[in-house]
Number of protein chains: 2
Amino acid sequence: MHVAEVNHRLVASPVLRQLSVRSVMERLLLDGATSRASLSRATGLSKQTISEVMLVLTERGWVKESGMISGGVGRTAVRYEIDATAGFALGLDLGASTLRGVLADISGTVVAQHELAADGQGGQLPAQAKRLKQILLDAAKAPAERLQVATVATPGVMSPQGRLDLAPNLPGIGELDLAGQLRSALDCQVMFENDVNAAALGEYWEAGENADNHFAFVSIGTGVGLGILVDGQLLRGSSLAAGEIGYLPLGGDPFAPESLEQGALETSIGATGIVQRHQRLGGTAQTVRAIFDALEAGDRIAEETINETARIAALLVLTVTSVIDPDRVVFGGNIGGRPELVRRIGEWMPRVQKRPIRVEASRLGPRATVLGAAAMSLGQMHNSLFSTLEVPGRLGLPTLRQ
Amino acid sequence: MHVAEVNHRLVASPVLRQLSVRSVMERLLLDGATSRASLSRATGLSKQTISEVMLVLTERGWVKESGMISGGVGRTAVRYEIDATAGFALGLDLGASTLRGVLADISGTVVAQHELAADGQGGQLPAQAKRLKQILLDAAKAPAERLQVATVATPGVMSPQGRLDLAPNLPGIGELDLAGQLRSALDCQVMFENDVNAAALGEYWEAGENADNHFAFVSIGTGVGLGILVDGQLLRGSSLAAGEIGYLPLGGDPFAPESLEQGALETSIGATGIVQRHQRLGGTAQTVRAIFDALEAGDRIAEETINETARIAALLVLTVTSVIDPDRVVFGGNIGGRPELVRRIGEWMPRVQKRPIRVEASRLGPRATVLGAAAMSLGQMHNSLFSTLEVPGRLGLPTLRQ
DNA sequence: TTCATTCGTCATGCTTACGAACAAATAGGT
DNA sequence: ACCTATTTGTTCGTAAGCATGACGAATGAA
């Protein structure tokens with residue numbers, strides 16, 4: 001089978017066949033390896049159609065035979081499964097101190113992960129990304145041509161001009177044509193996403209079948225951020241600013257000039273805010289990590305600091321549940337992922353909200369963002385390969401005439 | 001043409017034809033009357049396919065010829081348009097003092113509207129609804145069999161058992177099997193929706209082509225509520241509680257016991273909260289209406305009351321924009337729709353948020369809810385008639401394996 | 001060994017859509 | 001008055017896709 005064949009999209013196929021291919025691939029992705037007969041039952045398509053579709057898919061290299069199914073009554077069935085090596089999706093997390101990467105194959109299996117210490121200057125970034133990509137491809141023995149999509153998770157916002165704005169932790173990066181340079185360095189379709197949104201998607205993906213499709217992820221670290229999933233889709237907002245919660249009027253006077261600059265909530269429960277609170281209470285710690293260490297050692301001031309932080313975070317949970325009513329709120333980030341903090345947030349909740357709400361700590365920790373980036377690539381790969389068709393789910397409303 | 005034919009759904013048609021019918025109907029709904037040739041260009045389907053589809057649609061009664069198009073170069077074209085009398089959608093707004101109704105035809109034109117003073121007791125409601133339905137059908141000369149869907153907008157939440165909960169303004173209504181009784185009284189498919197959500201949809205619908213598909217509607221009246229549209233769809237939340245903003249920690253101490261009972265925000269800017277504020281400031285007014293009257297007369301205490309209310313509402317806008325980033329926030333309800341209030345909210349905004357945000361007063365006023373209910377019925381009618389097909393827009397993610 | 005069951009293929013027929021050719025109708029120019 | 005370019009809409013032939021039902025193959029259980 002030639003690589004050219006593998007890369008060939010199913011664009012030319014007519015509408016009906018595309019729909020059939022799509023439902024078959026969806027079943028294979030969700031259920032794993034199966035026979036044609038059970039695919040026919042699962043999709044409602046006739047056995048005949050399934051056979052035709054599988055013929056096309058094996059010729060194209062997306063699907064391969066994988067042994068037989070025997071043991072039950074009746075004839076043994078030929079088992080088909082997605083050829084996991086047919087396409088790969090890359091996720092990158094562009095952090096302040098590390099550059100993380102994850103490579104997933106088309107079936108959703110993570111086949112390689114690695115991280116590099118970030119060089120001080122942003123100018124090195126595209127070259128580093130290229131190196132990381134190659135390391136991951138080599139580790140997975142994946143040919144470079146089969147890398148279909150990469151997603152780069154970044155702090156701040158990627159401007160339409162391809163420059164990274166509002167990312168003070170990555171000095172000097174705003175001057176680069178980051179999008180263009182990464183596109184040529186990675187040599188495939190490249191997408192960009194906010195790191196908190198990516199982390200939200202990562203946690204959602206990790207939860208797997210238990211995932212409710214309505215989900216909120218709060219990141220507390222140097223700054224604060226919120227990622228929202230509605231019906232399994234990221235909610236980005238009309239100016240891509242959904243989840244920019246630093247300015248929420250919680251934990252400080254929102255009308256104070258510094259709140260307008262830095263944001264009341266961020267000032268209150270961001271890393272520097274927590275350290276300042278500790279110092280106001282008489283503590284001497286210089287970092288949040290030191291405060292958590294003191295907390296573990298039984299220090300009263302640290303206890304009070306974290307408890308007050310949790311109190312304000314509980315108001316944040318109240319705010320999020322009041323507005324979008326997620327099934328649960330997951331906390332992550334350097335600070336937000338701390339179980340000591342999350343437990344205290346949960347303890348505050350009954351005092352501000354009658355309805356119980358699940359408040360949990362991130363299960364993926366620092367890997368949430370990079371896995372979410374890989375998930376975005378994976379979703380994009382599937383949809384561009386098997387879903388070129390534009391079928392809007394619902395009709396829009398006609399113009400109102402009254 | 002028989003009514004039985006009109007009511008016949010297109011269920012039996014195979015997939016491909018359904019898709020064709022759908023795109024044709026969508027174009028006709030959005031663009032109005034056109035010729036078959038231009039439909040062919042607009043949909044990408046061939047001219048003969050369009051002709052076949054139109055034949056089916058005219059036979060079924062959904063579409064009819066409507067004169068000729070001449071004047072340009074070339075042969076005159078036969079013009080087709082949706083037969084507006086083929087189906088009707090009903091919206092009802094179940095308010096504390098009035099029962100409003102709107103009847104729209106299949107093309108989205110409001111063909112009748114009327115309201116009845118609500119009888120004191122909730123038990124009369126189904127009979128009143130039936131009467132209102134008949135009044136509207138008579139006014140529009142629409143045969144009852146062609147009423148396809150009705151949506152009833154209610155305060156509170158409709159429980160899965162069909163009882164209306166959390167609607168203190170409608171005493172005694174919680175005991176009724178409201179859903180069942182309305183279904184048999186209205187004698188068609190009946191849906192239920194929260195009144196604030198319906199109002200949000202109404203305002204969105206009214207904005208028409210200028211509507212951005214990302215939109216928030218805040219209602220301030222006896223209580224406070226929020227309706228959110230994401231991509232033109234209502235955001236309901238995982239327990240149908242999205243937009244229940246009464247408990248937001250704004251304008252009062254969220255840890256106070258009365259905040260847990262009544263909600264801090266609702267206590268602060270709900271009707272009674274505003275009156276109490278006025279009295280605390282030394283005023284004597286008993287109703288919000290009186291306060292607004294005094295404001296117009298130049299009263300300083302009223303000015304201060306409303307300004308403080310606007311200040312807290314501005315924090316609400318900040319909260320909503322921080323979380324979901326809508327294109328604009330529209331205020332409605334008895335109090336929220338007041339331009340004097342909305343103007344002051346807009347004046348407070350620059351003090352808490354750098355990014356400008358459009359804050360506007362409802363254009364539909366008290367009719368927003370009933371129009372939104374009609375819009376829901378209309379959408380449901382279109383989708384059940386022309387979109388029986390289940391085609392998910394995007395593929396889901398496979399299980400994560402790592 | 002027989003039988004019920006399941007898998008997969010083959011042959012057939014139906015529905016749908018498309019392309020090309022063509023007839024019909026019109027405006028505008030000569 | 002006539003011709004031409006343009007647009008509309010139909011007819012006819014062709015191809016694609018799917019379903020149906022019959023059939024052979026392979027298997028476990030009685």
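In what follows, every chain begins at residue 1, and chains take the letters A, B, ... in the order their sequences are listed.
B:I69 has its CD1 atom 12 Å from the C1' atom of D:dT7, to the nearest Å. Atom-to-atom, CG of A:L55 to P of D:dG17 comes out at 12 Å; the value is rounded to the nearest Å. Remark: P of C:dT15 and CG of B:L19 are 18 Å apart, rounded to the nearest angstrom. With rounding to whole Å, B:M68 atom CE is found 16 Å from C:dA27 atom C1'.
A heavy atom lying under 4.0 Å from DNA chain C marks the following residues of residues 36-54 of chain A, by number: A:R36, A:A37, A:R41, A:K47, A:Q48, A:S51.
Residues satisfying the side-chain hydrogen bond (donor to acceptor under 3.5 Å, both in side chains) criterion with B:R236, sequence neighbours excluded, are B:E193. Not counting sequence neighbours, the partners of B:D138 by the side-chain hydrogen bond (donor to acceptor under 3.5 Å, both in side chains) test are B:Q134. When the side-chain hydrogen bond (donor to acceptor under 3.5 Å, both in side chains) test is applied to A:S184, no partner is found at least two apart in sequence or on another chain. Judged as a side-chain hydrogen bond (donor to acceptor under 3.5 Å, both in side chains), and not counting sequence neighbours, the contacts of A:S35 are A:S38.
A donor-acceptor contact under 3.5 Å is formed by the side chain of B:R75 with the base of D:dT8.
If you check D:dG17, D:dG9, C:dT26 against the side chain of B:V78, the one that comes closest is D:dG9.
For residues 33-56 of chain B, every residue pair satisfying the salt bridge (charged side-chain N to carboxylate O under 4.0 Å, His left out) rule, not counting sequence neighbours, is listed here: B:R17-B:E52.
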